[in-house]
Structures are given as structure tokens and as C-alpha cells.
Protein chains: 2
Amino acid sequence: MKNSCSEEEKILFQLNEIYKQMSPKFERCTGISQSRLELLHKLFEVDEISQTALQKEVNIDSAAVTRHLKQLELKEMVTRRKNPDDNRFTFVKLTDEGREKIASFRSEKEEFIRKVLKDFSEQEQTKLSNMLHRIQNNIEEIQY
Amino acid sequence: MKNSCSEEEKILFQLNEIYKQMSPKFERCTGISQSRLELLHKLFEVDEISQTALQKEVNIDSAAVTRHLKQLELKEMVTRRKNPDDNRFTFVKLTDEGREKIASFRSEKEEFIRKVLKDFSEQEQTKLSNMLHRIQNNIEEIQY
DNA sequence: AGTCAACGATTGACCCATCAAACAATTGAA
DNA sequence: TTCAATTGTTTGATGGGTCAATCGTTGACT
């Protein structure tokens, strides 16, 4: 075993810090929260989709999805309607204005991403991505 | 410019997912939240410390620090007293029971960390840590 | 001495996430 | 057919975080 895992500990700490520092800056730079933008991105790709399908894509709690969508509906970014074939489902769809607004969020986001990964070569990015992927797999294997 | 930054985007996405997946598992495995354990760790190292000093170490909002410490005080993990030389400051200190409990949290945490970084050689860990550090620096430079 | 600015801590309002419970609609089996 | 289980959505309670406003204390300046 290694020396009481100080290097390992540091990495976990860093991952945490990165999230904590990046997340609020992302919101300030792009003008929208990450979760909400993810929701909109999915909607952008698919025309119309049911809430649960959306929830599975974005991987946040269905209660949270409901609340986000209600707010987005108020802002007229999104419309919702029941599936006429099965009234349990509700379909969600971007409005035209919503679709337009996303484009601007998108460019803000891309600029933000570029800043975060400044000075990373493509090779480095691939290496990093692979390592992160391995970490994700390790986490999945952990039994709670 | 790269191809609409899909690889870069993926990395940001991964960092996010890792946090979202790791954080709740950490809590379930160790029995305590990351922030709270960080607070306790600092207290473990320093005997007695003022709240603002603690807040700066842990890098969460002072309002959150106050609320955590109040709860930890209720659970008798921690004691608080005013600095007699300057009543604005409050000093925080682990109780003896608190100190004991942390030991067990610690070993749970170390086991968790080991699982997350399973199959990472020391060399890989160093590489990863360096890259994460560069990302942190990049984030710091971003103007909100 | 009196006043004002600065500072640490606290509180309230808000956002976002979770879980668990409730609800409505559908399905399927006795 | 009826009733129980399942499914998608919603709501309420709770926990964690932020910011802004407030309070009490201190220190410095006149």
C-alpha cells in the first residue's frame, strides 16, 4: 500500500475543487446553469421527447427535471403536452424562441470550454479523457 | 480551431459526471458528506482554529461553515468558544469523541479513494494530478 | 470620547439536488 | 371485470450551497 494515499487523496480533492470552482463560473459566463443547459441541448437534438427519456439522458433526478421544465415553460423556452396515446407521459419540445436562444448559449459555452482546456494538446486531451473514463468505471463498480 | 470542440466538451462533461456520481457514493460509503469531513480533517490537524481561518482552508461559504459547525456542535463532535481577546472571532475545536470518530471516517475514506483510483500507477497519478492542476489554473484565470 | 469603517459571524431568501410519498393512468392477471 | 402492480409525473421534506443584509465587536481617526 502507498504512503497513506496522499497523492491519491490529492486527486480526489482536485476533482472536487475543479467542480466547485468551475460550476459557478460556468453559470456566470454562459448565463445558465449546467444542468439546465444540458436539458436544453438534449431537447435541441431531438425535437420532442418524453420527460423520463430526457431524465435518463441527463442523469438528474426526475423531480429536478420536472421543476426545471416548469420554469423553462414559464420562460416560454419549452412547451409540454401529454402523450395522447398514454396520458402518463408528457412530451417536451423547444419553442422557436428557445431554439434561437440556445445558439447564443452554445457559443458562450464553447468559449468557456476552450478557456478551461487552454494549452492542452489534442493528445493530452485524449489521455486525460481516457483516464477520466477509467475513473468513471471505477466509481460505477463501487457498491454503496 | 478544433472540430466544434467535441473532445473538449466531453472532458468537461466527464468532470461533471464524475463529481455527480462520486459525491453521493462517497457519502454513503463513509457516512458523512465531503464538505463536513473536510472541515473535520482540518480541525483534526490544528487543535483550535477560528471559523474564518477554517473557512478559507475549506473554501466554502462562511454561511455554510456556520451551519455545519452548529450541527456538529449539536452532535458533540465539536466545541466553540469566543476568542477572549477579540469577541468577534469564535474558535472551534474537536471534542475527544469527535477526534475518535474521525479515525473511523478516515479509514472508510481511504478505502473509497483506493477504489476510485484502482489500477492507476503512481506515474499515471502524477500525470493526472498535473493535468488537473493545469485545469485549475485555467479556471482561475477566467474572468466572470 | 465619539464616530465610522472594517471585520467575523449569523440569518434570511433563494437555487439546485435528492428521496420518499402521493397521484393519475395504464396494464395485466385472477 | 375488477383489482393489484407498474409506470410517469408531481409534491413535500430535507440538505447543501450561494449572496446579501444584519449584528456585535474592534480599531482608528478627529
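Each chain gets a letter, A, B and so on, in the order its sequence line appears, and its residues count up from 1. The basis for the numbers below is simple: all heavy atoms, side chains too, and nothing from hydrogens, waters or symmetry mates.
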Let me know the distance between CG of B:Leu39 and P of C:dA9, rounded to the nearest Å. 13 Å
Report the distance from atom CG of B:Leu54 to atom C1' of C:dT10, rounded to the nearest whole Å. 16 Å
Side-chain atoms of A:Arg36 come closest, of D:dT9, C:dC16, D:dT25, to C:dC16
Tell me which nucleotide among D:dG8, C:dA9, D:dG24 gets nearest to the side chain of B:Gln51. C:dA9
Can you check salt bridge (charged side-chain N to carboxylate O under 4.0 Å, His left out) on A:Lys70 and A:Glu73, steps first, answer last? CA-CA 5 Å; A:Lys70 278 190 171 182; A:Glu73 202 179 19; over 6 Å; no
Between atom CG in A:Asn83 and atom P in C:dA25, what is the gap in whole Å? 13 Å
A:Phe89 has an atom CZ; how far is it from atom P of C:dT26, in whole Å? 10 Å
Check this one for me: any side-chain N or O of A:Arg28 less than 4.0 Å away from OP1 or OP2 of D:dT18? no
Assuming nearest nucleotide by heavy-atom distance, tell me which of B:Ser50 and A:Asp86 is located more 5' along DNA chain C. B:Ser50
Value in whole Å for how far the C1' atom of D:dG16 lies from CD1 of B:Ile32: 14 Å
Report yes if a side-chain nitrogen or oxygen of A:Ser33 is closer than 4.0 Å to either non-bridging phosphate oxygen (OP1 or OP2) of C:dC15; otherwise report no. no
Just by modelled atom types, is the B:Ile139 backbone N or O under 3.5 Å from a matching donor or acceptor in the A:Lys25 side chain? yes
If I take atom CD1 in residue A:Ile60 and atom P in nucleotide D:dG8, what distance separates them, rounded to the nearest angstrom? 17 Å
May I ask you to evaluate whether A:Ser35 reaches the phosphate of C:dC16, defined as a side-chain N or O under 4.0 Å from OP1 or OP2? no
Under 3.5 Å: donor-acceptor pair, side chain of B:Thr90, backbone of B:Arg80: no
Side chain of A:Asp61 - closest among C:dC19, D:dT26, D:dT9: C:dC19
Pair A:Ser62-A:Gln51, side-chain donor/acceptor within less than 3.5 Å: no
Distance in angstrom units between B:Lys82 NZ and C:dC7 C1', rounded: 12 Å
Can you tell me how far P of C:dA17 sits from CD of A:Gln55, to the nearest Å? 12 Å
So which atom in A:Met131 and which in B:Glu124 form the shortest heavy-atom distance, rounded to 0.1 Å? SD-O, 4.0 Å
Measure across A:Gln55 and A:Asp61 and return the closest heavy-atom pair with its distance rounded to 0.1 Å. CG-C, 4.1 Å
Which residues, if any, of residues 62-75 of chain A bring a heavy atom under 4.0 Å of DNA chain D? A:Ser62, A:Ala63, A:Thr66, A:Arg67, A:Lys70
I want to check a possible cation-pi pair here: B:Arg36 against B:Phe105, using under 6.0 Å from ring centre and within 45° of the ring axis as the test. no
Between A:Thr52 and D:dT9, does any side-chain N or O lie under 4.0 Å from OP1 or OP2? yes
Can you see if the side chain of B:Arg81 gets near the phosphate of C:dA9 - specifically, an N or O under 4.0 Å from OP1 or OP2? no
In terms of heavy-atom contacts, B:Asn138 and A:Leu117 come closest through ND2-C, 3.9 Å
State which of D:dG24, C:dA25, D:dT18 makes the closest approach to the side chain of A:Asn87. C:dA25
